[in-house]
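Below is one structure; the comments refer to it alone.
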Amino acid sequence: MKHKLIIGIAIGATLSLCYMLMSCSNKYSKTRMDDTSSRPSQTVVKQTVNATETPIASIDAKVPTDADSQKIPIQTLSTVGNDAYRAWSDIKLALSNGGVDVTQEKKLITYLRESDDALIFEEIWQLLQVPDYDLISRNQEYLLSLLAVINTQTSINLFLLALQHVDIRDSNTIYVADKSLKKIAAYPENFPLLEQTFSLMHSDNRFLLGLVNGIARNAGTEQLAFLVTQIDAKSKKSPLVIASMSKLTDERLVPELENIINSRQPKDEVTISSVRALASMGQYEGTVALINWSTQQQEEQKDFVFELFQTAVQRSPSAYRAIEKQLNKQEFVSREIKEIIEEVYSKNNQVIIR
């Protein structure tokens, strides 16, 4: 309990500092998770927990017992005339009764997208300490989703801090957190926080795999470099990063992957995971690069080559077109390797390459 209190106090001080810094700048522009518009550059709230200040919110920071958790505490805010604060109070009241106030939720989201309010974010943090334990108490599930939808640097930072430090055990809440994490990772401006969180998270954190998969699924050149660095680190997290390479989808990464493959030792973990990434893409350019790599492979690699091309053709018809147009244009070191690719093609497409 003492550990939870220290984290709660520290987060309050972190948000207080962020609020004071941001109050000197212009308000944020509106942004929505279901909107493709870019949101403005915002100050990143550092995920450090060194502070001695008292949290802004007056909600008790202790971790509630089951008896305490029967009702979510309702805070009477000082500026009761403000629509946003009234909306937040109504939302807490609805949550304490197991409901959701959609109308007030929209008002709150709009307000927090335009102005980081340290008081409200601190109260959200305090309420996240109340575990979800039945069909009535769903505050963690709701508030994690809310933070993701708000989608500002402050809300995303708080969401990621929760994944690191809050005890989340309910299966529905875990599902919502994973789904929200996937949405957050679709926004490139969130990559710095995602990468920072990956570095800080313990290797046994249940959300670590979803986090690195989100980075890989939406990765550009810089994120690919980050993943390679994590693999090279050979830490307890490295196996998860290796597995995440199969989530790469951007065909523009093909030249980068080819460069990695050509500049590293054949049995290097980064090399192997990069080759697998080309196969997992299942796209035309990725399959062409895979064919180019295969031309230099010896017969003893035929099982691995079979596996790679089997994966590629199952991903997309584009892999078939690449084989049709490019296979016979290449000179192979091993005839057996070329034949194994032909076998994959004919087995899956019922057409034998002549």
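For the residue pair D117/Y85, the side-chain donor-acceptor check at 3.5 Å is satisfied. Judged by distance alone, the side chains of K92 and N139 never bring a donor and an acceptor atom under 3.5 Å apart. Side chains of E141 and Y175: no donor on one and acceptor on the other come within 3.5 Å. Looking only at atom types and distance, the side chain of D132 has a donor-acceptor partner in the side chain of T173 under 3.5 Å away. Between the side chains of R321 and S318, at least one donor N or O lies within less than 3.5 Å of an accepting N or O.
Within the 4.5 Å cutoff, the side chain of V228 has heavy atoms near those of the D232 side chain. In this structure the side chain of R276 reaches within 4.5 angstrom of the side chain of F304, judged on heavy atoms. A heavy-atom distance below 4.5 Å is found between the side chains of S274 and V270. Residues L240 and Q230 fail the side-chain proximity criterion, which asks for heavy atoms closer than 4.5 Å. Contact annotation: the side chain of L147 approaches that of F121 to within less than 4.5 Å [non-hydrogen atoms, C-beta and beyond]. The shortest side-chain heavy-atom distance between F207 and T197 does not fall under the 4.5 Å cut-off. Contact annotation: the side chain of I341 approaches that of S294 to within less than 4.5 Å [non-hydrogen atoms, C-beta and beyond]. Considering only heavy atoms from C-beta on, I291 stays 4.5 Å or farther from K329 through its side chain.
Using a cutoff of 4.0 Å between basic side-chain nitrogens and carboxylate oxygens, K302 and E339 are not scored as salt-bridged. A salt bridge links D167 with R169: at least one charged nitrogen is closer than 4.0 Å to a carboxylate oxygen. D204 has no carboxylate O lying under 4.0 Å from a charged side-chain N of K237, or vice versa, which leaves the two without a salt bridge. Residues R252 and E285 are not paired through a salt bridge, judged by the lack of any N-O separation under 4.0 Å between the basic side chain and the carboxylate. Salt bridge annotation for D170-R138: present, with a cationic side-chain nitrogen under 4.0 angstrom from a carboxylate oxygen. At a threshold of 4.0 Å, the pair R335-E299 does not count as salt-bridged, since none of the basic side-chain nitrogens sits closer than that to a carboxylate oxygen. Classification of K347 and E342 as a salt-bridged pair fails, no side-chain N sitting under 4.0 Å from a carboxylate O.
Interatomic distance, F226 CZ to L194 CG, rounded to the nearest 0.5 Å: 9.0 Å. Annotation: the span from S273 atom OG to L278 atom CG amounts to 10.0 Å, rounded to 0.5 Å. With rounding to the nearest 0.5 angstrom, the CG atom of L95 is 11.0 Å from the CG atom of D90. In this structure, N262 CG and Q296 CD are separated by 9.0 Å, a value rounded to the nearest 0.5 Å. Going from atom OH of Y142 over to atom CD1 of I124 covers 9.0 Å, rounded to the nearest 0.5 Å. L227 CG to S244 OG: the interatomic distance, rounded to the nearest 0.5 Å, is 5.0 Å.
Considering every non-hydrogen atom in both A87 and L108, the closest pair reads CB-N, 4.5 Å. Residue A219 comes nearest to D250 through the heavy atom pair O-CB, 3.9 Å, listed as atom of the first residue, atom of the second, then distance. Of all non-hydrogen atoms in F191 and N218, the two that sit nearest each other are CZ-O, 3.3 Å. For E251 against Y284, the heavy-atom pair with the smallest separation is OE2-N, 3.5 Å. When all heavy atoms are compared, the tightest approach of L128 to V166 is O-CG1, 3.3 Å. Shortest non-hydrogen contact noted between N205 and L163 is ND2-O, 3.1 Å.
In this structure, the side chain of S316 does not engage the main chain of A319 through any donor-acceptor pair within 3.5 Å. With hydrogens and angles ignored, the 3.5 Å screen pairs no side-chain donor or acceptor of S180 with any backbone N or O of A177. Between the N97 side chain and the L93 main chain, a donor and an acceptor come within less than 3.5 Å of each other. Remark: side-chain polar atoms of Q223 are paired, donor with acceptor, to backbone N or O of G220 under 3.5 angstrom. Listed for the R86 side chain is no donor-acceptor partner under 3.5 Å among the backbone atoms of Q104.
Side-chain heavy atoms closer than 4.5 Å link hydrophobic residues (I, L, V, M, F, W, Y) into clusters, and following such links, possibly through other members, connects I242 to I260. In the hydrophobic clustering of ILVMFWY residues, with side-chain heavy atoms under 4.5 Å counting as a link, L327 and V333 come out apart. One hydrophobic cluster holds both L257 and V275 under the rule that ILVMFWY side chains link at heavy-atom gaps under 4.5 Å. By the rule that hydrophobic residues join a cluster once side-chain heavy atoms approach within less than 4.5 Å of another member, I184 and V176 end up as members of separate clusters. Both L144 and L112 belong to a common hydrophobic cluster when Ile, Leu, Val, Met, Phe, Trp and Tyr are linked at side-chain heavy-atom distances under 4.5 angstrom.
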- Decide side chain to side chain contact (heavy atoms under 4.5 Å, CB included) for N190 and N151; before the verdict, give the C-alpha distance in whole Å, the side-chain angles of both, and the deciding distance to 0.1 Å. CA-CA 9 Å; N190 289 330; N151 195 31; 3.3 Å; yes
Does E336 form a side chain to side chain contact (heavy atoms under 4.5 Å, CB included) with Q298? I'd like the steps, not just the answer.
CA-CA 8 Å; E336 287 78 6; Q298 300 295 334; over 6 Å; no
Handout entry: Audit row: V313, Y345, side chain to side chain contact (heavy atoms under 4.5 Å, CB included) steps and yes/no
Key = CA-CA 8 Å; V313 297; Y345 179 87; 5.7 Å; no
| Going through the checks in order, is the side chain to side chain contact (heavy atoms under 4.5 Å, CB included) test met by S280 and T311? | CA-CA 6 Å; S280 296; T311 298; 4.3 Å; yes
I'd like to know whether K338 forms a side chain to side chain donor-acceptor pair (under 3.5 Å) with N328, so could you lay out the CA-CA distance, the side-chain angles of the two residues, the decisive distance to 0.1 Å, and finally the verdict. CA-CA 9 Å; K338 183 178 181 181; N328 289 323; 3.1 Å; yes
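Counting heavy-atom neighbours within 6.0 Å of Q265 CD, excluding the residue itself, gives a total of 12 or less.
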